[in-house]
Amino acid sequence: MSSSSTTSSTTPAVAHACSSTDRRGILFIVSAPSGTGKTTLCKQLAANLPELWHSISYTTRKPRPGERHGREYYFIEEDTFRDMIGRNEFVEWAQVYGHLYGTPVKSLTEKIDQGIDVLLEIDVQGAMQVKKRYEDSVPIFILPPSMTVLRSRLQTRASDSQEEIQRRLHKAGEEVWSYREYAYTVLNQDLGQSLGDLESIFRSERLKTKRLNITWIEKNFIFDDDQKPGDRKDLPQPKGVPLP
Ligand code: ADP
Ligand code: 5GP
């Protein structure tokens, strides 16, 4: 058998073993200093990879022009947020730039149990909490090309005051050093290249042997004690062995 025919006969099996009905979803965590481009990248990723669900956080910050409740965030009052903390409704929560942000636990758990991969776009404090709680999660850090480029991206985005931009830049100087806590680091210089890098990470993680569902392997490759390989008419028969 040629190597190409080996590949073509194993690919569907692997794809099936990794499909959403056969394994638990993977939790991807993306963090980056503000202005790096993580929202741009995560939106594009979720559009390119339909089997990836982009979690929607709750926040006490007010919506920016163009943002919609239930799309970018659930925008809520601080009292409501604190009630949710009291009811343990967040996987993690943190105060970022003077506002509260939190990841809802219910939708995240449901998706993972259904075998759907989840994308969290959260700050470093939140990422460290999730990493502890979900040891199998995949933390990815995105770096801007430089502080100069970061400043120019924050200014081009034009969503924050000069004072707020200054505050975010100052925080970025500390946040970049957190890259060491993440399994992967992606440099967001060229958008297309960064998207390609992220897609490679997602696809590779999905193919990791440790994520294969053992039940699927057993169902397809292990026979009952009194069953011989020839009994399985659904499997390719060895050459020269006639079917009974
Ligand atoms: P973040 O979510 O990390 O705060 P955004 O996604 O809002 O950042 O991006 C900040 C600004 O930088 C936006 O105006 C966006 O269009 C721009 N941007 C993002 N990635 C790139 C890139 N690779 N090259 C040039 N501009 C980019
Ligand atoms: P922004 O207000 O610019 O949308 O987001 C500010 C920061 O809050 C970003 O670093 C963003 O990733 C982070 N953030 C958004 N949602 C959450 C969340 O649910 N939890 C935490 N810890 N951080 C979040």
Side-chain angles (χ1 to χ4, degrees), residues 27-47 53-76 80-81 84-85 89-108 118-134 137 139-161 164-165 167-176 178-179 181-182 185-198:
L27 186 52
F28 293 97
I29 313 168
V30 171
S31 305
S34 181
T36 300
K38 66 185 171 306
T39 305
T40 309
L41 285 165
C42 288
K43 271 192 178 164
Q44 194 60 52
L45 264 177
W53 181 73
H54 192 175
S55 171
I56 303 168
S57 296
Y58 284 76
T59 184
T60 59
R61 136 162 116 61
K62 299 285 170 245
R64 293 181 183 132
E67 286 184 331
R68 207 191 313 145
H69 181 78
R71 190 178 63 188
E72 280 78 15
Y73 287 102
Y74 295 107
F75 297 96
I76 57 173
T80 315
F81 196 101
M84 290 178 75
I85 296 175
E89 289 182 22
F90 293 121
V91 178
E92 64 71 38
W93 66 272
Q95 180 155 5
V96 193
Y97 310 120
H99 305 290
L100 298 172
Y101 294 82
T103 305
V105 72
K106 188 167 175 279
S107 45
L108 181 145
V118 173
L119 174 61
L120 297 186
E121 191 191 323
I122 59 178
D123 88 320
V124 175
Q125 307 167 71
M128 294 306 107
Q129 294 176 52
V130 177
K131 218 177 100 169
K132 240 188 241 159
R133 191 156 164 183
Y134 292 85
S137 56
I140 305 166
F141 197 74
I142 307 188
L143 274 176
S146 67
M147 289 299 274
T148 313
V149 172
L150 186 64
R151 177 190 296 276
S152 117
R153 283 187 190 167
L154 280 167
Q155 271 159 353
T156 310
R157 187 171 69 181
S159 60
D160 303 295
S161 64
E164 184 60 33
I165 289 178
R167 192 170 166 203
R168 288 179 184 233
L169 279 171
H170 180 75
K171 183 137 186 251
E174 298 162 5
E175 278 177 331
V176 286
S178 308
Y179 77 92
E181 300 290 338
Y182 289 71
T185 307
V186 171
L187 178 71
N188 182 24
Q189 186 145 28
D190 174 79
L191 199 62
Q193 169 78 44
S194 316
L195 262 177
D197 289 348
L198 285 168

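In each ligand, atom 1 is the first atom listed, and ligand 1 is the first ligand listed. Start at 1 with the first residue, then count along the sequence.
Across the listed options C42, G35, S31, G35 owns the non-hydrogen atom lying nearest to atom 10 (C) of ligand 1. Closest to atom 12 (O) of ligand 1 by heavy atom, among R153, R168, E121, R64, is R153. In the candidate list S57, P33, C42, S57 is nearest to atom 16 (N) of ligand 2, counting heavy atoms.
Listed for the Q125 side chain is a donor-acceptor partner under 3.5 Å among the backbone atoms of Q95. A distance-only check finds a donor-acceptor pair linking the side chain of T59 to the backbone of L100 [under 3.5 Å]. With hydrogens and angles disregarded, a donor-acceptor distance shorter than 3.5 Å links the side chain of E72 to the backbone of R68. Between the side chain of T156 and the backbone N or O of S152 there is at least one donor-acceptor pair closer than 3.5 Å.
Below 4.0 Å from some heavy atom of R61 lie the following atoms of ligand 2, by number and element: 1 (P), 2 (O), 4 (O). With ligand atoms numbered from 1 in the order given, ligand 2 contributes 22 (N) to contacts under 4.0 Å with heavy atoms of G126. Atom numbering of ligand 2 starts at 1 in the shown order; those under 4.0 Å from a heavy atom of G102 are 18 (C), 19 (O). Set against the non-hydrogen atoms of S34, the atoms of ligand 1 under 4.0 Å away are 4 (O). Near T40, meaning under 4.0 Å from one of its heavy atoms, ligand 1 places the atoms 5 (P), 6 (O), 9 (O), 15 (C), 19 (C). Atoms of ligand 1 lying under 4.0 Å from at least one heavy atom of Q189, given by number and element, are 22 (C), 23 (N), 24 (N). Counting atoms of ligand 2 from 1 in the listed order, those under 4.0 Å from a heavy atom of V96 are 7 (C), 8 (O). Numbered from 1 in the order shown, with element, the atoms of ligand 2 that lie under 4.0 Å from a heavy atom of A94 read 22 (N).
A salt bridge is defined here as a Lys NZ or Arg NE, NH1 or NH2 lying under 4.0 Å from an Asp or Glu carboxylate O, and R167 with D160 fails to meet this definition. Taking a cutoff of 4.0 Å between a charged side-chain nitrogen and a carboxylate oxygen, E92 and K132 do not qualify as a salt bridge. A salt bridge links E67 with R61: the closest approach of a Lys/Arg side-chain nitrogen to an acidic carboxylate oxygen falls below 4.0 angstrom. Here E89 does not pair with K106 in a salt bridge; the nearest charged N to carboxylate O distance is not below 4.0 Å.
In terms of protein heavy-atom proximity, atom 3 (O) of ligand 2 is nearest to R64 NH2, 2.9 Å. Protein heavy atom closest to atom 19 (C) of ligand 1, with residue, atom name and distance, is G37 CA, 3.6 Å. Of the protein's non-hydrogen atoms, Y101 OH, 3.6 Å is the one closest to atom 6 (C) of ligand 2. In terms of protein heavy atoms, atom 7 (O) of ligand 1 is closest to R157 NH1, 2.9 Å. For atom 20 (N) of ligand 2, the closest heavy atom belonging to the protein is E92 OE2, 2.7 Å. For atom 13 (C) of ligand 2, the closest non-hydrogen atom of the protein is D123 N, 3.8 Å. Taking atom 2 (O) of ligand 1 as the reference point, the nearest protein heavy-atom neighbour is T39 OG1, 2.5 Å. Ranking protein heavy atoms by distance to atom 12 (O) of ligand 2, first place goes to K38 CE, 3.1 Å.
Counting heavy atoms of neighbouring residues, nucleotides and ligands inside a 6.0 Å radius, atom CZ of R71 exceeds 12 of them. Residue R157 places its CZ atom among more than 12 non-hydrogen atoms of other residues, nucleotides or ligands, all under 6.0 Å distant. Taking a 6.0 Å sphere around CD of Q155, one finds it holds more than 12 heavy atoms contributed by other residues, nucleotides or ligands.
Checked against a 3.5 angstrom limit, the closest N/O atoms of N188 and ligand 1 fall inside it. Where the criterion is an N or O separation shorter than 3.5 Å, residue side chain and backbone included, R157 fails it with respect to ligand 2. Considering backbone and side-chain N/O atoms, K38 comes within less than 3.5 Å of an N/O atom of ligand 1. Where the criterion is an N or O separation shorter than 3.5 Å, residue side chain and backbone included, T156 fails it with respect to ligand 1.
Heavy atoms of A32 stay at 4.0 angstrom or farther from ligand 1.
Counting heavy atoms closer than 4.0 Å to ligand 2, residue Y73 contributes side-chain atoms (C-beta onward) but none from N, CA, C or O. Under 4.0 Å from ligand 2, not a single heavy atom of Q125 appears. Only the side chain of R168 comes within 4.0 Å of ligand 2, counting heavy atoms alone; its backbone N, CA, C and O stay farther away.
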Go through it in stages, so that I can follow the logic: the residues are Y101 and F81, the test is ring pair (Phe, Tyr, Trp, His ring centres under 6.0 Å), and I'd like the CA-CA distance, side-chain angles, deciding distance and then a yes or no. CA-CA 9 Å; Y101 294 82; F81 196 101; 8.3 Å; no

Report the C-alpha separation of Q189 and S194 in whole Å, then their side-chain angles, then the decisive distance to 0.1 Å, and conclude whether the side-chain hydrogen bond (donor to acceptor under 3.5 Å, both in side chains) test is met. CA-CA 7 Å; Q189 186 145 28; S194 316; over 6 Å; no

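Heavy atoms only, all atoms of each residue included: K131 and P139 are closest at CD-CG, 3.8 Å.
The side-chain tip of K62 does not point at the ring of F75 from less than 6.0 angstrom away and within 45° of straight on.
Between Y182 and F141, the two ring planes are tilted [angle within 30° to 60°].
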